[in-house]
Amino acid sequence: MRAPALYSAAGTLILTTLAAAPAGSTSPGVPGGLPGAVELRGTATAAARAQAAGIAFGRCPDAEDLPAAMRCGTVTVPLDYAHPDGKQIKLTVSRVRATHKDPHNSKHKVPGQGSLVYNPGGPGASGMYFPLIGYLPEWKPLAAAYDLVGYAPRGVGRSAPLSCEDPKHFLKAPSPAPVHPSESYKRERIAEAKAYARGCAKRAGSALRHYTSLNNARDLDVLRAALGEDRLTFMGASYGTYFGALYATLFPSHVRRMVFDAAVNPDPEQIWYRNNLDQSAAFEGRWADFREWVAKHDKVYGLGDTAEKVQRSYDKAAAQLAAEPAGGKVGPGQLQGAFLTAGYYDDFWPHRAQALSAYLKGDPKPLIQQAGPHPEAAKEAENSSAVYTAVECNDAAWPTEWAVWDRDNTRLARVAPFETWDNVWMNLPCAYWQAPRQQVVDVRTGPGELPPVLILAAERDAAAPYQGALEMHRRLSGSVLVTERDAGTHGIGGGPNRCVNGYLDAYLLEGRLPVRRAACAPHPEPKPRAAK
């Protein structure tokens, strides 16, 4: 399941503008599971060219709708790193220069530390808005020392955009969301998945195979060189932690500092089918957290004073929406999508609870506003979905028999019904994919091969279950894990937890880290919000 663009760590007010071929390697392998030398030589060639060319930053395109303080440019990368002199594509890049202003002492000039490159995850999310984060108080110390750099990865936005279907047909609303789908409904979704996979192959052609996590890591090295950095300072969230870890494995000597926020499990056996099963299971726990919070504030919302009663209120709303969609466009599928967001970010809890409460009391407007489709965003949403699907399907082998998907997820849905089947439908095109699959790289580094990496994780994160952070920590020698206990927000760096931010700033500004692990108490729960 694709993770939405990071919320707490990237600031909701800024970034909400923004989740049948046989398995085999597309390139020769070398011992240790690393990709072949041909692509590594191609990356070196492209990086040398990018270093010589640099990036001509100027006014951002009007289509990006970015403020004047932001500067934009492009960096050229090969479509296929095995053929660096072949077809080239351009990635869009955004930057805000370091302020050099100490937010605590106006007379103190902060020395620059180069570029901090950020990726918000996905696959399919754009980081173009990231440099605006420097205006938020929590980020001003970092914005003083670093040029903040965002970019749109290959396939995203204006970076050789990928599409799998006409955006006009992408947003289907209202839609159902059966917890226990019938056999006829399953057949309908299988047909849609097959059609979507065919559409990706038809619209992208031979380029489709080159949208991979490995190429995202190689692109990152070319971007590093184009920025004039000998070594990379990088912060990746969610999926960004995975290809960041690939980068650390492929180019350890090119790393200065790396932060992996909401780390996904990099175990080759998990990429990506099993990671999605684990994610569906984890969302059930986070959905329970939300319902317990709503029950605690029953005097405000009137949805029930136990988690079970809140579930019944939700089920009642889903049934009513199935019979009569709110505003003609919000059905059970849109309801589920809106409340899935609450599983990612607890800042959404008051808004979602208030909307559900108002709907059941006869006022559908808040729910329509929060859950309704936005046709004006269809093109961006379709593009993001296409990149997500291409990268995950290309990255690794997936089960190609429906019986495997049906068996695994029927079992899982018995104990984790909230998100299981919707996660299946999103990923099912990978069963019928028409491009070759990559051989998964075994992410790991030995002692002294890589500078210490900072891993941030919330203990109850559903989109990136905590086991993934533990596995990332185990595989990257010398890494340090900072855990926010009893919390589940997806992405915690630069958010409301001062303890977490203290570790983040100490690392990025001074290179200081705790010995191996550290823990922070959870940030405060959100306060209930009554209807106006």
Side-chain angles (χ1 to χ4, degrees), residues 1-4 7 19 170-182 185-186 188-189 192-193 276-277 279-294 301 303-304 307-360 364 366-374 377-378 381 384-385 388 405 409-410 412-428 462-463 488 490:
M1 182 197 319
R2 180 177 65 252
Y7 175 63
F170 179 71
L171 295 178
K172 302 174 180 68
S175 62
V179 174
H180 303 292
S182 65
Y185 184 77
K186 290 176 183 177
E188 179 183 332
R189 297 308 301 257
E192 290 180 5
N276 277 283
L277 290 172
Q279 195 180 58
S280 294
F283 265 103
E284 197 65 27
R286 195 61 181 151
W287 173 234
D289 290 348
F290 169 71
R291 290 183 288 117
E292 289 168 3
W293 178 87
V294 175
Y301 300 115
L303 294 170
E308 292 74 20
K309 291 178 181 178
V310 175
Q311 180 70 55
R312 288 198 288 272
S313 293
Y314 178 86
D315 292 341
K316 179 182 178 181
Q320 290 181 190
L321 291 168
E324 184 180 353
K329 56 186 178 181
V330 175
Q334 288 65 49
L335 177 75
Q336 197 274 345
F339 279 82
L340 176 65
T341 310
Y344 282 93
Y345 313 119
D346 56 23
D347 281 3
F348 280 98
W349 289 3
H351 304 274
R352 296 295 185 261
Q354 189 272 327
L356 182 62
S357 176
Y359 172 74
L360 290 173
L367 186 62
I368 294 171
Q369 183 182 33
Q370 293 182 36
H374 299 281
S384 179
S385 179
Y388 167 87
W405 295 70
N409 289 281
T410 297
L412 182 57
R414 293 185 186 125
V415 295
F418 176 67
E419 174 55 17
T420 294
W421 284 109
D422 278 342
N423 210 359
V424 171
W425 310 137
M426 182 161 191
N427 292 287
L428 190 56
H490 184 56

Under the side chain to side chain contact (heavy atoms under 4.5 Å, CB included) criterion, do Gln320 and Leu360 qualify, and how do the steps go?
CA-CA 9 Å; Gln320 290 181 190; Leu360 290 173; 4.2 Å; yes
With a 3.5 Å cut-off and no angle check, do the side chains of Gln311 and Trp287 form a donor-acceptor pair?
yes
Check the angle between the aromatic planes of Trp293 and Trp349 and answer parallel, tilted or perpendicular using the 30° and 60° thresholds.
tilted
Close side-chain approach of Leu367 and Leu321, heavy atoms under 4.5 Å:
yes
Would you say Gln369 has more than 12 foreign heavy atoms packed within less than 6.0 Å of its CD?
no
Check: Gln370 side chain, Ala355 main-chain N or O, donor-acceptor pair, under 3.5 Å
no
Looking at side-chain heavy atoms only, is the closest gap between Trp421 and Leu412 below 4.5 Å?
no
Leu428 CG to Lys186 NZ distance, which is reported to the nearest 0.5 Å:
11.5 Å
Less than 4.5 Å apart, side chain to side chain, heavy atoms only: is that true for Phe418 and Val179?
no
Distance in Å, Leu356 CG paired with His351 NE2, rounded so as to fall on 0.5 Å steps:
14.5 Å
Any side-chain heavy-atom pair of Lys309 and Leu303 under 4.5 Å
no
Starting at CG of Leu335, measure out to OH of Tyr314 and round the result to the nearest 0.5 Å.
4.0 Å
If I compare all heavy atoms of Val310 with all of Gly304, which pair ends up nearest, and what's the gap?
CG2-O, 3.6 Å
Show the nearest heavy-atom pair for residues Ala318 and Pro332, with the distance to one decimal.
O-CG, 3.6 Å
With a 4.5 Å cut-off on side-chain heavy atoms, are Val330 and Pro174 touching?
no
Regarding Ser280 and Asn423, do their side chains bring together a donor and an acceptor under 3.5 Å, going by distance alone?
yes
Just verifying a value: how many Å separate Asn409 CG and Leu277 CG, rounded to the nearest 0.5 Å?
5.5 Å
Would you indicate whether the side-chain heavy atoms of Pro417 and Glu284 approach each other to under 4.5 Å?
yes
Between Phe339 and Phe290, does the ring centre distance come in under 6.0 Å?
yes
One should read off an interatomic distance between Asp347 CG and Thr341 OG1, to the nearest 0.5 angstrom, of 12.5 Å
Where do Ala463 and Tyr344 come nearest, in terms of heavy atoms and distance?
CB-CE2, 3.1 Å
When rounded to the nearest 0.5 angstrom, what is the spacing between CZ in Arg286 and CZ in Arg291?
12.5 Å
Could you tell me whether a side-chain N or O of Gln334 sits under 3.5 Å from a main-chain N or O of Pro373, the two making a donor and an acceptor?
no
Can Gln336 and Glu419 be counted as having a side-chain donor-acceptor contact under 3.5 angstrom?
yes
Take atom NZ in Lys172; do more than 12 heavy atoms of anything else shown fall under 6.0 Å from it?
yes
Identify the heavy atoms of Pro178 and Pro176 that sit nearest to each other, and give their distance.
CD-C, 3.7 Å
What are the two closest heavy atoms between Ala342 and Phe348, and how far apart are they?
CA-CB, 4.2 Å
Hey, does Tyr359 have a side-chain heavy atom less than 4.5 Å from the side chain of Pro366?
no
Going through the checks in order, is the salt bridge (charged side-chain N to carboxylate O under 4.0 Å, His left out) test met by Asp315 and Arg312?
CA-CA 5 Å; Asp315 292 341; Arg312 288 198 288 272; over 6 Å; no
Find out whether Tyr388 and Met426 are in side-chain contact, i.e. whether some heavy atom of one side chain is under 4.5 Å from a heavy atom of the other.
yes
What closest approach, in Å, do Phe170 and Ala378 show between heavy atoms, and which atom pair accounts for it?
CD2-O, 4.3 Å
Please answer whether the main-chain N or O of Ala353 pairs with a side-chain N or O of Ser357 as donor and acceptor at a distance below 3.5 Å.
no
Side chain to side chain contact (heavy atoms under 4.5 Å, CB included) between Glu188 and Trp425, worked out
CA-CA 10 Å; Glu188 179 183 332; Trp425 310 137; over 6 Å; no
